[in-house]
Amino acid sequence: MPDVSLIRSELLAWYDRHARSLAWRAPPGAEGRTEPYRVWLSEVMLQQTTTPHATPYFQSFTARWPTVSDLAAAEDGEVMAAWAGLGYYARARNLLACARAVAGEHGGVFPDTEADLLALPGVGAYTAAAVAAIAFDRAANVVDGNVERVMARLFAVETPVPPARPELKRLAGLFVTDERPGDWAQALMDLGATVCRPKSPLCGQCPAAGQCLGLASGAPERFPVKLKKAERPHRRGFAFVMIDPDGQVALERRPDKGLLGGMLGLPTSDWSASPDATPPVDGDWREAGAVEHVFTHFSLTLTVRTARVKAGGDYQWLGLEAARAALPTVFAKALDRAGEPALI
DNA sequence: GATCCGTGGGG
DNA sequence: TCCCCAAGGAT
């Protein structure tokens with residue numbers, strides 16, 4: 001069996017030499033621990049999101065709202081617009097709810113235990129453990145997709161995920177001690193991101209290669225074994241671009257629950273196998289083509305229709321640039337499409 | 001436990 | 001082109 005203590009010391013030594021330089025990490029030798037606000041913000045942004053995608057958002061959020069109290073005081077629409085393009089918009093709603101809970105119920109100071117962190121909106125098992133470990137040096141079992149993969153390979157776990165999750169978490173827990181818990185968590189995730197990668201792992205560079213049952217099996221990339229996932233259905237729909245004489249576009253706030261919840265959007269039909277193409281208002285509607293978009297659990301062909309109208313009704317009217325910046329990607333694509341046939 | 005919830009890059 | 005998937009959480 002892999003030697004837990006040996007792997008720990010080898011990986012921590014590797015981390016001391018190979019830690020990635022990331023926007024939310026204190027530079028090497030920096031005084032004091034990392035700000036909990038920055039750790040929390042980065043962890044939320046990194047949920048199911050790649051580092052390159054999250055980085056510019058982290059920079060703009062921290063520049064605009066330097067503390068959790070600043071963020072708590074922001075308006076909902078501002079924060080949602082600033083999150084536009086990052087995806088999983090429930091994160092932005094929960095981010096604001098969490099900031100307000102910290103500002104209002106905790107005096108602007110993040111709680112420093114895993115249990116108290118877990119009670120905050122948008123903070124689940126992973127994020128609570130990560131903030132506790134990285135910001136507060138608590139011995140927490142930080143398990144994300146990277147850690148699951150590393151454990152599955154180290155121990156050559158044949159049980160497929162997701163059923164194997166509890167077992168992988170148990171294995172990860174074998175490594176958690178009071179010694180450098182924050183560094184340990186980040187070392188494991190850095191290893192997973194740069195060496196023990198999903199495809200073509202770089203086992204020749206791995207400090208734990210000598211202890212890895214997956215490598216010994218001859219096919220480490222086979223782990224973690226995965227269950228086949230369901231097919232992604234396809235839907236169709238219409239998006240309606242109304243432009244007033246000043247070039248303003250009609251947008252509506254989407255309900256908090258459901259797809260793209262809380263975000264601004266174009267008026268649309270239902271999205272289904274055979275959507276109802278009736279536009280929201282009468283007018284001289286023209287077809288501007290279609291855009292394709294892929295969501296997590298369905299793909300969409302969105303046909304774009306445009307009309308010149310007078311501003312009014314129950315809409316927010318924004319200029320083209322402002323609208324595009326505030327919209328989720330699927331609607332930004334639709335707006336781009338509407339602009340092409342020289343309607344504007 | 002199963003489902004819903006985005007996006008963009010890489011193989 | 002298509003498929004995979006990335007520092008998950010809520011219901």
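In this text the structure is predicted, and so the values were computed from the model without any measurement. Naming: A, B, ... by sequence-line order, numbering from 1 per chain.
Residue Trp40(A) is classed as having no contact, given no heavy-atom separation below 4.0 Å to the nucleic acid. Residue-level contact check: Gly192(A) touches neither bases nor backbone, having no heavy atom under 4.0 Å from any strand. Leu22(A) comes within 4.0 angstrom of a base, heavy atoms only. Using a 4.0 Å heavy-atom cutoff across all strands shown, Leu86(A) reaches at least one base atom of the nucleic acid. Across all strands shown, Gly261(A) has no heavy atoms under 4.0 Å from either base or sugar-phosphate atoms. Within 4.0 Å (heavy atoms only), Val142(A) reaches no atom of the nucleic acid at all. Ala125(A) comes within contact range of the sugar-phosphate backbone alone, with a heavy-atom separation under 4.0 Å but no base atom that close. Heavy atoms of Pro162(A) sit nowhere under 4.0 angstrom from any nucleic acid atom. Across all strands shown, Lys257(A) has no heavy atoms under 4.0 Å from either base or sugar-phosphate atoms. Residue contacts for Thr329(A): at a heavy-atom cut-off of 4.0 Å it reaches the sugar-phosphate backbone alone, with no base atom in range. Counting non-hydrogen atoms under 4.0 angstrom, Pro52(A) reaches nothing in the nucleic acid.
Put simply, Leu302(A) and Phe238(A) are part of two different groups of oily side chains (I, L, V, M, F, W, Y) that touch within less than 4.5 Å, one to the next. Hydrophobic clustering (ILVMFWY, side-chain heavy atoms < 4.5 Å, transitive): Val330(A) and Leu327(A) are in one cluster.
Toward the 5′ end of DNA chain B lies the nearest nucleotide of Pro166(A), the other residue of the pair Phe295(A) and Pro166(A) mapping further downstream. If you find the closest nucleotide of DNA chain B to Gly85(A) and to Pro163(A), the one lying nearer the 5' end belongs to Pro163(A).
Nucleotide dG1(B) holds its P atom 10 Å from the CZ atom of Arg165(A), rounded to whole Å. Rounding to whole angstrom units, CZ of residue Arg93(A) and P of dT11(C) are separated by 9 Å. Atom pair Phe298(A):CZ and dT7(B):P shows a separation of 10 Å (rounding to whole Å applied). In this structure, CD of Glu231(A) is placed 11 Å from P of dC4(C), rounded to the nearest angstrom. Following rounding to the nearest Å, Leu46(A) (CG) and dT7(B) (P) show an atom-to-atom distance of 17 Å. When the P atom of dC5(B) is taken as reference, atom CE of Met263(A) falls 15 Å away, rounded to whole Å. We find that CG of Leu188(A) is positioned 11 Å from C1' of dA7(C), with the value rounded to whole Å. For Ile134(A) and dA7(C), the CD1 to C1' distance is 8 Å, given to the nearest whole Å.
Taking the centre of each ring, Phe295(A) and His297(A) stay at or above the 6.0 Å mark.
The nucleotide whose nearest atom lies closest to any side-chain atom of Lys229(A) is, among dT7(B), dC5(C), dG6(B), dC5(C). Considering only side-chain atoms of Thr127(A), the nucleotide from dA7(C), dG8(C), dC5(C) that sits closest is dG8(C). Set against dG9(C), dT7(B), dA6(C), the side chain of Gln48(A) has dA6(C) as its closest nucleotide. For Asn94(A), the listed nucleotide lying nearest its side chain is dA10(C); candidates were dA7(C), dA10(C), dA6(C). Distance from the side chain of Pro198(A) is smallest to dA6(C) among dA7(C), dC4(B), dA6(C).
Under 4.0 angstrom from either OP1 or OP2 of dA6(C) there lies at least one side-chain N or O belonging to Arg149(A). Side-chain nitrogen and oxygen atoms of Tyr88(A) include none within less than 4.0 Å of the OP1 or OP2 phosphate oxygen of dA6(C).
Across the C1' atoms, dG1(B) and dG9(C) are found 15 Å apart, a figure rounded to whole Å. For the P atoms, the distance from dT3(B) to dA7(C) is 24 Å, rounded to whole Å.
A distance of 5.0 Å separates CG of Leu12(A) from CZ of Arg180(A), quoted to the nearest 0.5 Å. Distance SG/Cys206(A) to CG/Leu154(A): 7.0 Å, rounded to 0.5 Å. Rounded to the nearest 0.5 angstrom, Arg324(A) CZ and Leu320(A) CG are separated by 9.5 Å.
Leu264(A) approaches Phe331(A) most closely through the heavy-atom pair O-CD1, 4.2 Å.
At a cut-off of 3.5 angstrom, counting only N and O atoms as typed in the model, there is a donor on one side and an acceptor on the other between the side-chain of Thr49(A) and the base of dG6(B). Within 3.5 Å, a donor on the side chain of Thr296(A) pairs with an acceptor on the base of dG6(B), or the reverse.
Using a 4.5 Å heavy-atom cutoff, the side chains of Arg236(A) and Thr303(A) are not in contact. Side-chain contact between Trp271(A) and Leu259(A): present, with at least one pair of heavy atoms (C-beta onward) separated by less than 4.5 Å. No side-chain heavy atom of Leu168(A) sits under 4.5 Å from any side-chain heavy atom of Phe155(A).
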Show each protein N/O and nucleotides 9-11 of chain B N/O combination with a separation under 3.5 Å, one pair to a line.
none

Inset, instruction - Please assess Arg308(A) against Asp284(A) for the test salt bridge (charged side-chain N to carboxylate O under 4.0 Å, His left out), listing each intermediate value before the final yes or no. - result: CA-CA 7 Å; Arg308(A) 296 176 182 278; Asp284(A) 180 18; over 6 Å; no

Inset, instruction - Report the secondary structure of DNA chain B in dot-bracket form, marking unpaired bases with a dot and bases paired to a different strand with |, and treating Watson-Crick or G-U pairs with both distances under 3.5 Å as paired. - result: .||||.|||||

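For residues 75-93 of chain A, the set of pairs meeting the side-chain hydrogen bond (donor to acceptor under 3.5 Å, both in side chains) definition, not counting sequence neighbours, comprises Thr49(A)-Arg91(A), Arg64(A)-Glu78(A), Asp76(A)-Arg100(A), Tyr88(A)-Thr296(A).
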